[in-house]
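Owing to the predicted nature of the structure, the values given are computational and were not obtained by experimental measurement. For the numbers below, each heavy atom of this structure counts, side chains included, while hydrogens, waters and symmetry mates do not.
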Amino acid sequence: MTHAMVIDATGGPEVMQWREQDRAPPGPGELRVRQSAAGLNFIDVYFRNGTYKAPSFPFVPGKEGAGTVVSVGRDVTGFAEGDRVAYAGASGTYAEEINVAAAGAVRIPEGISDEVAAGIMLKGMTAEYLLRRTFPVGPGHTILIHAAAGGVGLIAGQWAKHLGATVVGTAGSDDKVRLALDHGYDHVVNYRTENFVERVADITNGAKCDVVYDSVGRDTYPASLDCLKRRGLFVSFGQSSGTIENFDLALLNQKGSLYVTRPSLFGYTATRAELEESANALFDVVRSGAVRVRIDQRYPVSEAARAHRDLEGRRTTGISILTMR
């Protein structure tokens, strides 16, 4: 018998209940993992509050985690008991132990701790596909990243700078502005005290940005479009402030024949080869020191409700994890 955070119905953070739970042995193609930590992400909030539909009730939230393999199911190759593994597309990682599909797990290399792996898989591979595949960032590009002091933002800012781009960010407080500036950003705008569209125009001398990466949603649309060059790309990959409603395609024409995409990590790691390439690129850039990882908040998994309140209240910065001890 192990413990897990269980949700019986959608709602606020209080719907999560820490309970004992039976865990079946790993099935064919699965690994049983004793978790060290789970990642805290907005996608967990979306499933908890009903923005994203849960497959069934009750369910355990969480998509990201890391730990040690304690048993291996039938037909699994390439993994053994004792391996340290991490994953970003599992189901139910707010739990002490979890069965995960071996096809969605990767080995954690030396030099990366379980806690760091649990905190960077989803955020870091998101940064990877955004910067290397959705829009291949390189020298000569100027990019804008909203939520620069968030988990994806702090990784993406450093990585984009490593790739040679001029990196502009937005953040919601002076402390967050300073944090982002310490993580690769050339310029960071406090959107609570400054008009970020005007500041981007000033920073770029009117040239604007090649691409805008927007995980905020309602609060930054359609202003994000005004930060783009002609034929620039608007990448909407999250909605922390709420869903963009009534998206007007005509605006793309009016504001310079713009492009728009709504990607997800799972669309970029659908095959085993894609998953391994993304994870390996992330681990390599972290181990090289080009991307520094700092865990800013740790919560016992039994206090996940408090973690969700902090996340939704924008009281977190960088990477947050739920620990199992």
* Return the minimal non-hydrogen interatomic distance between Arg306 and Pro300, and the atom names on each side. => NH2-CD, 4.2 Å

* Do Val301 and Leu311 belong together in a cluster built from hydrophobic side chains that touch within less than 4.5 Å? -> yes

* In the single-linkage hydrophobic clustering (I, L, V, M, F, W, Y; side-chain heavy atoms under 4.5 Å), do Trp159 and Ile120 co-cluster? -> yes

* To do: Give, for atom CG of Leu233 and atom OG1 of Thr134, the distance between the pair rounded to the nearest 0.5 Å.
  => 8.0 Å

* Sidechain N-carboxylate O distance under 4.0 Å for Lys161, Asp186 -> yes

* To do: Would you check if the side chain of Asn253 reaches a backbone N or O of Ala250 as a donor-acceptor pair within less than 3.5 Å?
  => no

* Distance in Å, Gln254 CD paired with Leu225 CG, rounded so as to fall on 0.5 Å steps -> 10.5 Å

* **Atom CD of Glu110: over 12 foreign heavy atoms under 6.0 Å** => no

* Parallel, tilted or perpendicular: rings of His3 and Trp18 (30°, 60°) -> parallel

* Under a 4.0 Å N-O cut-off, is there an ion pair linking Glu312 with Arg48? -> yes

* Should Val212 and Ile143 count as side-chain neighbours, where that means a heavy-atom distance under 4.5 Å? -> no

* Is there a side-chain contact between Val293 and Ile319, using heavy atoms and a 4.5 Å cut-off? -> yes

* Asked: Does a side-chain heavy-atom distance below 4.5 Å link Ile7 with Pro61?
  -> yes

* Asked: Measuring from Thr10:OG1 to Lys53:NZ, what's the distance to the nearest 0.5 Å?
  -> 11.0 Å

* To do: Check the side chains of Glu97 and Thr2 for a donor-acceptor pair under 3.5 angstrom, ignoring hydrogens and angles.
  => no

* Spacing of OG belonging to Ser320 relative to CD belonging to Gln297, to within rounding of 0.5 Å -> 3.5 Å

* Structure fact -> In short, Ala103 meets Arg272 closest at the heavy-atom pair O-NH1, 2.8 Å

* **Side-chain donor-acceptor contact under 3.5 Å, Tyr213 with Ser236** => no

* **Any donor-acceptor N or O pair under 3.5 Å, side chains Thr317, Asp296** => yes

* Cluster link Leu181 to Leu179, ILVMFWY, side chain under 4.5 Å -> no

* Verdict with reasoning, Asn41 to Lys123, per side chain to side chain donor-acceptor pair (under 3.5 Å) -> CA-CA 8 Å; Asn41 298 284; Lys123 303 169 193 69; 2.9 Å; yes

* Which residue, Thr316, Thr323, Asp310, forms the side chain to side chain donor-acceptor pair (under 3.5 Å) with Tyr299? -> Asp310

* Given side chains that start at C-beta, do those of Val211 and Val235 come closer than 4.5 Å, heavy atoms only? -> yes

* **Within the 6.0 Å centroid threshold, strictly below: Phe47 and Tyr52** => yes

* Under-4.0 Å salt bridge between Asp219 and Arg314 -> yes

* Lys176 bridged to Asp174 by N-O distance under 4.0 Å -> no

* To do: For the pair Tyr268 and Tyr129, name the ring-plane relationship: parallel under 30°, tilted 30 to 60°, perpendicular over 60°.
  => parallel

* Asked: Is atom CZ of Arg315 surrounded by more than 12 heavy atoms (other residues, nucleotides or ligands) closer than 6.0 Å?
  -> yes

* To do: Could you tell me whether the side chain of Ile108 reaches within less than 4.5 Å of the side chain of Asp114, counting heavy atoms only?
  => yes

* Determine whether more than 12 heavy atoms belonging to other residues, nucleotides or ligands lie under 6.0 Å from atom OH of Tyr259. => no

* Asked: Does the side-chain contact (heavy atoms from CB on, under 4.5 Å) test come out yes or no for Thr166 and His141, once each step is laid out?
  -> CA-CA 6 Å; Thr166 298; His141 291 137; over 6 Å; no

* To do: Output, in order, the C-alpha distance, side-chain angles, deciding distance and verdict of side-chain contact (heavy atoms from CB on, under 4.5 Å) for Ile98 and Tyr87.
  => CA-CA 11 Å; Ile98 183 174; Tyr87 27 84; 3.8 Å; yes

* **Phe135 and Val137, any side-chain heavy atoms less than 4.5 Å apart** => yes

* Structure fact -> Between Ala117 and Ala66 the two heavy atoms that sit nearest each other are CB-CB, 4.2 Å

* Asked: Roughly how far, to the nearest 0.5 Å, is the CD atom of Glu128 from the CD atom of Glu277?
  -> 6.5 Å

* **Pair Phe196 + His146: ring centers closer than 6.0 Å** => yes

* **Lys63 and Asp44 ion-paired at < 4.0 Å** => no

* Asked: Between NE2 of His162 and CG of Leu131, what distance do you get to the nearest 0.5 Å?
  -> 11.0 Å

* Asked: Can you name the nearest heavy-atom pair linking Ala147 to Ser215, along with the distance?
  -> CB-OG, 3.9 Å

* Structure fact -> side chain to side chain donor-acceptor pair (under 3.5 Å) test vs Lys229 passes for just one of Asp210, Thr204, Thr142, namely Asp210

* Criterion side-chain contact (heavy atoms from CB on, under 4.5 Å) on Leu144 and Thr170, from CA distance to verdict -> CA-CA 8 Å; Leu144 174 63; Thr170 67; 4.0 Å; yes

* Give a yes or no answer on whether the side chain of Glu96 reaches the backbone of Gln35 with a donor-acceptor pair at less than 3.5 Å. => no

* Lys208 to Cys227 - nearest heavy-atom pair and separation -> CB-O, 3.2 Å

* Do Arg107 and Phe79 meet the cation-pi criteria used here (NZ or CZ under 6.0 Å from the six-membered ring centre, within 45° of the axis)? -> yes

* **Joint hydrophobic cluster, Met5 plus Met324, side-chain heavy atoms closer than 4.5 Å** => yes

* Output, in order, the C-alpha distance, side-chain angles, deciding distance and verdict of side-chain contact (heavy atoms from CB on, under 4.5 Å) for Val260 and Leu252. => CA-CA 8 Å; Val260 63; Leu252 302 179; 3.6 Å; yes

* Would you find more than 12 non-hydrogen atoms of other residues, nucleotides or ligands less than 6.0 Å from Arg262 atom CZ? -> yes

* Considering only heavy atoms from C-beta outward, does the side chain of Phe237 approach that of Val152 to under 4.5 Å? -> yes

* Asked: Going by atom types only, do Ser173 and Asp175 share a side-chain donor-acceptor pair under 3.5 Å?
  -> no

* Ile321 side chain reached by Glu64 side chain, heavy atoms, under 4.5 Å -> no

* **Smallest separation among heavy atoms of Val100 and Ala90, with atom names** => CG1-CB, 3.9 Å

* To do: State whether a side-chain donor-acceptor pair under 3.5 Å links Asp214 with Ser224.
  => yes

* Crowding at CG, Asp75 (>12 non-hydrogen neighbours, <6.0 Å) -> yes

* Could you walk me through whether Arg294 and Asp182 pass the salt bridge (charged side-chain N to carboxylate O under 4.0 Å, His left out) test, one step at a time? => CA-CA 12 Å; Arg294 187 178 80 181; Asp182 190 44; 5.5 Å; no

* To do: Could you tell me whether the side chain of Ser278 and the main chain of Leu275 form a donor-acceptor pair under 3.5 Å?
  => no

* **Salt bridge flag under 4.0 Å for residues Glu115 and Arg298** => yes

* Asked: Can you get from Ile244 to Phe42 by hopping between Ile, Leu, Val, Met, Phe, Trp and Tyr side chains that sit under 4.5 Å apart?
  -> no

